[in-house]
Structures are given as structure tokens and as C-alpha cells.
Amino acid sequence: EAGVTQFPSHSVIEKGQTVTLRCDPISGHDNLYWYRRVMGKEIKFLLHFVKESKQDESGMPNNRFLAERTGGTYSTLKVQPAELEDSGVYFCASSRADRYEQFFGPGTRLTVL
Amino acid sequence: AQSVSQHNHHVILSEAASLELGCNYSYGGTVNLFWYVQYPGQHLQLLLKYFSGDPLVKGIKGFEAEFIKSKFSFNLRKPSVQWSDTAEYFCAGYGNNRLAFGKGNQVVVIP
């Protein structure tokens with residue numbers, strides 16, 4: 001089965017611009033998660049979808065971040081406007097409804113200049 | 001959510017040496033613990049997991065971890081490392097519908 005995919009793999013933007021990251025979970029996985037790793041820090045939770053519903057977005061840094069999962073399939077994470085401190089690697093993960101084990105995508109490395 | 005902490009963030013060792021990476025967790029009810037690995041240029045992969053039962057857990061690629069409740073620890077071990085074990089290793093705990101990660105251990109194995 002295909003794994004979790006993310007696009008793009010790298011993004012370099014200037015402060016103030018908008019960037020949209022995409023995640024395609026494993027087919028049939030109801031749970032979709034976004035995590036972020038800022039350089040030198042641990043991987044931190046951003047939010048959790050169950051199908052198309054946001055279950056928990058308590059980890060989102062501020063209202064410049066908007067995540068969607070229309071139709072319960074792929075998800076997008078938009079940062080608008082981007083700030084320098086948004087730089088980092090954004091990971092997406094998915095899991096089956098009845099399992100704790102999460103499968104991760106390769107991540108998107110975002111650099112804000 | 002359950003939190004975890006990792007120590008000795010950078011580890012350098014020679015091939016055939018033994019590896020042990022420490023992970024301590026904070027008690028948050030049900031214990032669900034994981035070790036993930038990220039090889040250079042690759043995505044995070046699950047090495048092993050512990051939910052209950054036998055506290056000695058066997059994972060892929062010869063790794064194992066021991067859950068010691070009295071010490072709140074879930075240390076990762078490998079008796080004899082190879083150059084291909086060069087990677088970053090993450091301990092994680094599951095709680096409140098999310099994973100909480102440690103800071104990671106960057107392990108470099110010298111041929």
C-alpha cells in the first residue's frame with residue numbers, strides 16, 4: 001500500500017508570503033495529524049483530524065495557520081502570512097481509526113526568509 | 001498528554017559497539033510508548049511499540065526496548081550497531097489523541 005505522501009518536499013518563501021502544504025494519508029486512514037519540528041526542538045503536535053472533522057487544533061501556533069481536510073481524504077495546511085519563526089519541517093501522519101500507530105510522511109521543509 | 005524526555009542527544013560510536021538510548025516518560029494513565037527512527041533522507045519509521053504485556057519489546061533491525069514501570073523508562077537498545085544504524089531516534093508517548101516526542105538522539109556509527 002502507498003505510504004503517506006507530502007508535497008512539496010521543500011519550500012522557500014519570503015516573509016509575508018503564503019504557503020500551502022499538502023498531505024495525502026494512507027487510504028482508509030481516518031486519523032490525520034500534522035506535526036512540526038523547528039530546528040533544535042522536538043517534534044510537536046499541531047492538529048488532528050478524524051475524517052473531515054478537526055478533533056483537536058490546540059497545537060496550532062496562531063491564526064496564521066489554517067488546516068483543512070475536505071472530503072476526509074487529503075489535507076492542506078496553509079500559512080498566511082508566513083513569518084520567520086514558521087521555518088521548520090512539517091510532518092503529516094495518519095492512522096487507522098482503531099490504532100495508535102501513526103505512519104509518517106517524509107515531511108515538508110519550510111524555509112521563510 | 002503523556003510527555004517523554006530523551007538524553008544524550010548526540011551519540012557517536014563504532015560499528016559493533018552496543019547502543020542504549022534513554023527515554024523517560026511522565027505517567028498519564030494508560031502507557032503507550034514508541035520508538036521511531038529517521039534515517040538520512042527518509043521519513044520517520046516505527047521501530048517498536050509498547051502498550052502492555054511483556055516489558056521487553058522486540059522491534060525491527062535488531063532493536064529492542066525495555067519498559068520499566070518503576071523507573072518510568074523505556075530505553076532502546078541494540079547489542080551491536082552497524083554503519084547503517086546512523087540515524088535520528090525518537091521516543092514518543094501517545095495520549096490525548098496525539099504523539100508527544102522527545103528531542104531525539106542523533107546517532108552516528110563510524111565504520
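Chain identifiers are assigned alphabetically (A, B, ...) following the order of the sequence lines, protein sequences preceding nucleic acid strands; residue numbering begins at 1 within each chain. As the structure is a prediction and not an experimental result, all values here were calculated from the model.
- Clustering ILVMFWY residues whenever any of their side-chain heavy atoms sit less than 4.5 angstrom apart, transitively, puts A/F45 in a cluster other than the one holding A/V79.
- Under the 4.5 Å side-chain heavy-atom criterion for ILVMFWY residues, no single connected hydrophobic cluster contains both A/F103 and A/L21.
- The contact between A/Y33 and chain B is made entirely by side chain atoms (from C-beta outward), counting heavy-atom distances below 4.5 Å.
- Atom CD of A/E42 sits about 10.0 Å away from atom CZ of B/F90, to the nearest 0.5 Å.
- A donor-acceptor contact shorter than 3.5 Å is absent between the side chain of B/R98 and the backbone of A/L46.
- Heavy atoms of B/Q38 lying under 4.5 Å from chain A belong exclusively to its side chain.
- Here B/K49 contributes atom NZ and A/R99 contributes atom CZ; the two are 6.5 Å apart, rounded to the nearest 0.5 Å.
- Neither the backbone nor the side chain of A/Q55 comes within contact range of chain B; no heavy atoms are under 4.5 Å apart.
- Neither the backbone nor the side chain of B/Q106 comes within less than 4.5 Å of any heavy atom in chain A.
- Heavy atoms closer than 4.5 Å to chain A are found in the side chain of B/N32, but not in its backbone.
- Proximity of a side-chain donor or acceptor of A/Y35 to a complementary backbone N or O of B/F101 within less than 3.5 Å is not detected.
- At a 4.5 Å heavy-atom cutoff, the contact between A/S58 and chain B is made by side-chain atoms alone.
- Distance check: B/N97 CG to A/N31 CG gives 7.5 Å after rounding to the nearest 0.5 Å.
- Both the backbone and the side chain of B/L44 come within less than 4.5 Å of a heavy atom in chain A.
- Criterion: ILVMFWY side-chain heavy atoms under 4.5 Å apart, direct or through other members. Under it, B/W35 and B/V31 are part of a common hydrophobic cluster.
- Between B/Y36 and A/F104, the angle of the ring planes goes over 60°, which puts this pair in the perpendicular group of the 30/60° scheme.
- Counting non-hydrogen atoms of other residues, nucleotides and ligands closer than 6.0 Å to NZ of B/K71 gives a total of 12 or fewer.
- Nearest heavy-atom pair, A/E101 versus B/F34, reported as atom, atom and distance to 0.1 Å: CA-CE2, 4.1 Å.
- Residues B/Y25 and B/L76 are members of one and the same hydrophobic cluster, defined by side-chain heavy-atom contacts under 4.5 angstrom among Ile, Leu, Val, Met, Phe, Trp and Tyr.
- Hydrophobic clustering (side-chain heavy atoms under 4.5 Å, transitive across Ile, Leu, Val, Met, Phe, Trp, Tyr) groups B/I60 together with B/F74.
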